[in-house]
Amino acid sequence: MGDRIDSDYDLHSLVVESSKDLNEIQQRDLQKLFVVNYQGEEYILSSISSRLFRVSYREEGAWNEFLDNKPLELRSCGDTIELTIRVEEHQEEDNMALPCTVQCSGAGQNSANNALNVSTQSNVTSETVQMAPNVTQTSIPLESDSQYFVVRDSIIYAVKNNFPGLNIQVTPWELKISGGPRDLVQARREIKTAIDGVKFRTIALQCNIKDFLSCWDKKALSEKIFGRTQEGCVILDSSRGLRLYAPCITLLDQAENLLKGIFQERSIYIKNEDRNVIVSESWTSLTEKIQSNKNILLCSHENENGSLNLSLQGFKKDVETATEIIKDHLRLHITTQEDLNLESRILVENLDDLMLSFNLGELETGVRSLPSSGTSVTLIGPENAVTKSMELLRNVKQIICHEFLSLGEHGALYFFKNQGKEMLDQISKDHNCKVYIGESKEACSKKESRGRKCDLRTLPPKKEKSAEWQQSTAGYTMPVNSTDNKQPLIQLILSYGNLEEKQANVISAPLLAANPRLNVLNVTNSLQTKAGTKFSTLFTTILNDRPTLMPGSLVEMPLAKNTHALNCDSMLFIVCTPYDEPHGSSVKDLRKGISDMLKKCSQKKMCSVAMPTIGAGIALRFPNEIAARIFGEELKLFVEKEPNTSLKKIQLVFQKNMQCLFAAYEETLLQMDFGGRIVLCNEDGDPLKKLTLGQHIDLRAGKLSVSVVYGDIVEENNDVIANSTNFNHWGPKTVAHSIFTAAGPEVITDTQRCHSSNQKVVVTGSGSLNCKYIFHCDCQSSLLNIEHIVREVLLKCEESGLQSVSMPAFGTGVCRFDPETVAKYMANSISSVVQSSNLSSLTSVRLVALKPYIYRIFSVIFQKYFKPAQEATRKSLDLLTARLKCRQVQNTKQIKYNGIHEIPIPHHPIALLSIVGTDPKTLKTVKSILESEFFNHYWEEEIEDALLKSMSEDEIQSLFSLLKEKPQVQVILNQGRGCIHINGCDANIPELSVQVKNKLKDILHARQEDAQRDKAGLLIQWSYCNGASVTPFEEETCQQLEKKFTSDCKGTLTVDFDNRTQINVNLETMKALIPNLGQEVTVVRKDLESETDLPDHWDQMNGHALMMVPLDPNSEEYCKVHADFTRTAGHCCIVKIERVQNIYQYIAYALSKKIMKEKNGTAKVNECTLYYGTASKNCQSINYNGFDRNFDLNATTYGDGVYFSVDASYSAGIKFSPQDPETQLRYIYQVKVLAGHHTKGRRGMKAPPCKSPSAPFDLYDSLTDNNDDPTMFVVFHDDQVYPEYLISFR
């Protein structure tokens, strides 16, 4: 298509733009759209580009006809193409014939001789030549004004020289020419030819720099990039895509090649946690400086996760420079951390010392060892510093080499730390190395024997450690209650102490959201004080001056070893808000914080956490039970979601004065079902147990019996029940509500009627309660009145001749008094009444609490005020049994039974010397020198003595006490051989040998004295007679009397009678004056041992109360026990049979047998040989104290007693005799049982029933499963049973 006329100064024109490039067919179809039905008018269509066209009409009427029906789209070749149509304006200007001046904007030229006036306004460029007023105008459509700018200089030159009277205006879409008609046609033709000769091309760059290009004027940008040529300009246009315009193809190609490497876009990612860097003044100054450079565009974009993307667009060199400047700034100001495996625990533990000693350089970062590895470290600091430190440590790892010397001989560790230290330092100095002394948990490598008098390898293997030794050397071992061994248990420990003194991988503590400073809360203030100034500075840096924090969030604080004095690797702060309501935001925030803290610890592979009770306390004000429940529920959910978590121990730490809080947490957590995955323990590792209704402790205050009971006061059966009420109203779940409801409406009426008389204690009848009277009291919401109320109640009972009273914990309900304070007031009042009043009627006071934690607190407080109750029995058997029960074996639950004669060998650490340096050959030399020096100081000696074979564990500990000041010496006892082996690094071992021999003599003498003292009060009982009444003295008094009685001079002895008085006992006349009785009484001494014959086949006791005697497999006794056992349990293989020789248990059994003969007759004693299977952990307790109902908690079918089977096969089942996981052995007792008269039992029986309703106190002696042919017996009295033999089997 071309121009259909030669002149178009009088044409009416339109500019048409299509939405896409048109092919030839589409261009032909486009022509059809411009045909109008107006007097046969034709149109003129000019193609400016493949998508830009100019259409003109001669007649204005045809032009208007087209505008009235102008099409908006073209449909051709299956496409619908949008059309944009606009009117081409004809602009006429009146130009005055004035002298010519030229002003060029953006052209880089100024000439007073030019006839052009060039100015740029917005996006319209006007080029004007002063001319006569009579002008005509035409226009040339443009695809872009960039076409004009390419040939602008040549056009201006041509117009100035050939057509000086013309005026030129440029718009983005057209070039307007105005002037005299004579020059207009020719000028338009030449200008259009020049514009049509401009070449253009759409280009694509590798980077997205559109935003940067839009900031520049395209003429200025193009001149900066391409400069100017004689042929014309090269223009880079970004207004519609990215296009290059040039006067020729050659320049177009050259420009495109130039653009390939001139621009660049870079992106920098900033994490959310690092965004505090961009709010600093230094960052603001840096970005302002970069943004002042026109060659760069810097912008940012925030992501959904809070992170930030920085984008730099512009000229390549400038972008690269700015990028490096920003990255350098971030490296200097963003704290990062990197892990590095140094592959050496010694290098990690002594890194600072080694780098200083061998001049290896200085680290610019903090260093924290990784607890999960032991050989890895975390470098913490700016990125630049971390990178440098990583490279430095890699070099250190290559330079440093090690040698290890492991010495299993006792005393090696002490030797090198003490007398050998000077020698060690000198060797290190002479050979330019470092020697570090440590302990190894693994056995040392096998060496040649260097002993002088004994080969250690001939000694028997070490047995398992006793409870005392285990506790001091091995720490706590988690109890296993779950049957799912694949899922590890979490130990939840409730302990007293200070959080800052606890040791754990992580210490967690609260922060207040509104004021997150360490000195606000007591617990964080204590942590800050303990940790030191570096800790506080690090915390301030992490907080970054934020005045508040998001509730429920975590503040993580990784700790390098040189920044704090706490026993942890990391701190996790939980951001909290004070308590608002049970379902308020504070509760949700606390739940989230605890949950996230546990997850974070698990993600970091931490094993242990120590934390306070977050929520409870003055600052956060959560009720104790709610805070405990929140923690327990979140912990349970965490364990359910992460069954294989790395967490093994969580320690909740309570201040020593927080007994109420401890009790609330203990009871709340005990009531929760943790599914066997979480074990709630005390600080000694013993599992905590739930209370059972009726549980109580019995104490004594003078003659008054004082009991603390966990139960419901309305179930009490005493003379008096005390009620706490205000006489007007009482809410549900209060003591008053329970008592009035149970007693009935008549009691309420009487109470309110009597109260009007202003009596201090209002007495009414009992109504439907099992008591004689109810004493109603009002503390008037005053804590101080409680002590007065208790006193009035006790004195009223005494005045009224009443013997017993049950009281609630006054004021701990509606009044919300502190239970600990109330317990102290009530105990003070009871003690005051006992001391100031001679009670003759009142004998029993029971404090009854229905809330478990109230019971626990009162139990603790009352035991501080009052002594344990003396058993009120006058039977020698019952007294012996009761006193034996008080002699519990220490730490019985932790003692692993291996036979009393197999005494554990004390633990000693293996010395591990780590020799570190830079020359491997030198290190081997140093190792040889150190080994030689040690064995020059090592000694061994052996002592044999028959007494060693029968020593008790206490006696062994006494023998080992010689080593308290000699850690360099070890004494190994081999009881089987009857020898003791002494070894260590001490030149005075011969002298120590003499001390050991003297100690053995002392032990024998002490054993004899202990035997006499133990008998007093147990086998030898002292009591006084008042008419027919016989009252035993307390055990300590019995021991004092027996010691004086067996001395050469008996005379008179003053002994303690109760907690307030003393009495004189004349051992010549066996008389004493008892103040309370006001008369002289007879003192009686009874020797139970002389009345009882021990079995003839027992070995000599040699002063021992208990001996475990292994039977000879060839003896007749062994064969009989073996035959009886295998008669029904032939599938079991017996490993060992031991005779249990317990003098106290046997005498109690003999006395019980004697009493049963007197009651039933000899024929009805019914002594049976039965069997009892048990777990290994119970054996030592049974050997010492007999059988305990707690060992048979699951056996209740025939009564709540201790069960014994007739056939060994039943008790030998895996349910009753579980396998010891360490020794693989199982255990069963052959037992003598006094079955006596028996009857069939049933579930729920607490004792055998009476034989006849007419004789309610004549009870059966035992219960059975089948009275005619019993297979098991149930007994309720320990003295009816004696464990004869302990059988170890597989």
Side-chain angles (χ1 to χ4, degrees), residues 1-5 8 11-36 42-57 60 62-91 122-126 137-151 168-177 188 191-204 210 213-214 218 235-246:
M1 293 176 290
D3 292 340
R4 297 188 181 181
I5 58 175
D8 55 2
L11 297 179
H12 301 276
S13 302
L14 300 169
V15 177
V16 180
E17 183 179 10
S18 63
S19 60
K20 60 179 289 185
D21 294 340
L22 303 184
N23 57 36
E24 291 183 4
I25 298 175
Q26 291 170 334
Q27 289 185 25
R28 287 198 298 269
D29 291 339
L30 178 66
Q31 296 181 43
K32 300 174 183 178
L33 297 178
F34 302 117
V35 176
V36 295
E42 293 185 3
Y43 63 90
I44 303 169
L45 180 65
S46 302
S47 175
I48 300 172
S49 70
S50 59
R51 65 165 64 183
L52 191 64
F53 306 89
R54 183 172 181 265
V55 60
S56 302
Y57 297 92
E60 185 177 0
W63 183 67
N64 290 328
E65 178 73 18
F66 176 79
L67 289 178
D68 291 340
N69 301 281
K70 64 180 179 181
L72 298 178
E73 62 184 26
L74 169 67
R75 295 186 179 183
S76 177
C77 299
D79 287 342
T80 300
I81 304 165
E82 294 182 0
L83 300 177
T84 302
I85 302 175
R86 57 180 178 273
V87 176
E88 183 180 46
E89 297 180 359
H90 293 271
Q91 181 174 337
S122 183
N123 58 352
V124 177
T125 301
S126 173
Q137 177 176 302
T138 186
S139 63
I140 300 174
L142 300 175
E143 188 213 30
S144 168
D145 57 2
S146 296
Q147 290 175 291
Y148 168 74
F149 292 127
V150 170
V151 292
I168 299 175
Q169 285 189 333
V170 181
T171 71
W173 305 106
E174 64 182 353
L175 182 68
K176 296 180 180 181
I177 309 170
R188 183 182 186 281
I191 292 172
K192 188 173 186 303
T193 300
I195 289 176
D196 289 344
V198 173
K199 310 301 180 183
F200 69 90
R201 182 181 300 164
T202 301
I203 63 171
K210 184 176 180 180
L213 295 177
S214 66
K218 60 184 175 183
I235 301 296
L236 176 62
D237 192 341
S238 63
S239 61
R240 292 188 299 167
L242 197 60
R243 290 188 176 185
L244 272 175
Y245 294 84

Please give me the minimum heavy-atom distance between Ser238 and Ser214, naming the atom from each residue. OG-N, 4.4 Å
So, taking the atom named CG in Leu74 and the one named CD in Gln27, what distance separates them when rounded to the nearest 0.5 Å? 10.5 Å
With rounding to the nearest 0.5 Å, note down the distance linking CG in Leu236 to CG in Leu213. 5.5 Å
What verdict does the side-chain contact (heavy atoms from CB on, under 4.5 Å) test give for Trp173 and Leu142, after you've listed the backbone C-alpha separation in whole Å, the side-chain angles of each residue and the deciding distance to 0.1 Å? CA-CA 5 Å; Trp173 305 106; Leu142 300 175; 5.7 Å; no
To the nearest 0.5 Å, what is the distance between CG on Leu30 and OG on Ser76? 9.0 Å
Can a salt bridge be assigned to the pair Asp79 and Lys20 using a cut-off of 4.0 Å between side-chain N and carboxylate O? yes
Between CG on residue Leu22 and CG on residue Leu83, distance to nearest 0.5 Å: 8.0 Å
Would you call Ile85 and Val15 a side-chain contact if the rule is heavy atoms closer than 4.5 Å? no
Please indicate whether Glu82 has more than 12 foreign heavy atoms, meaning atoms of other residues, nucleotides or ligands, lying under 6.0 Å from its CD. no
Which heavy atom in Arg75 sits nearest to a heavy atom in Thr80, and how many Å separate them? CG-OG1, 4.0 Å
Nearest non-hydrogen partners of Asp21 and Arg51, listed with the distance: OD1-NE, 3.0 Å
Between Lys218 and Asp237, is the closest basic N to carboxylate O distance under 4.0 Å? yes
Taking atom CZ as the centre, does Arg201 end up with more than 12 heavy-atom neighbours from other residues, nucleotides or ligands that are less than 6.0 angstrom away? yes
Can you name the closest pair of heavy atoms from Leu33 and Glu73 and give their distance? CD1-O, 4.3 Å
For the atom pair CD (Gln147) and CG (Leu175), what is the distance rounded to the nearest 0.5 Å? 10.0 Å
Is the shortest side-chain heavy-atom distance between Ser144 and Tyr245 below 4.5 Å? yes
Specify the closest pair of heavy atoms between Ala194 and Val151, including all atoms of both residues, with the distance to one decimal. O-CG1, 3.9 Å
Does any non-hydrogen side-chain atom of Thr202 lie less than 4.5 Å from one of Leu244? no
Gap between atom CD of Glu174 and atom CD1 of Ile140 - 0.5 Å precision: 10.0 Å
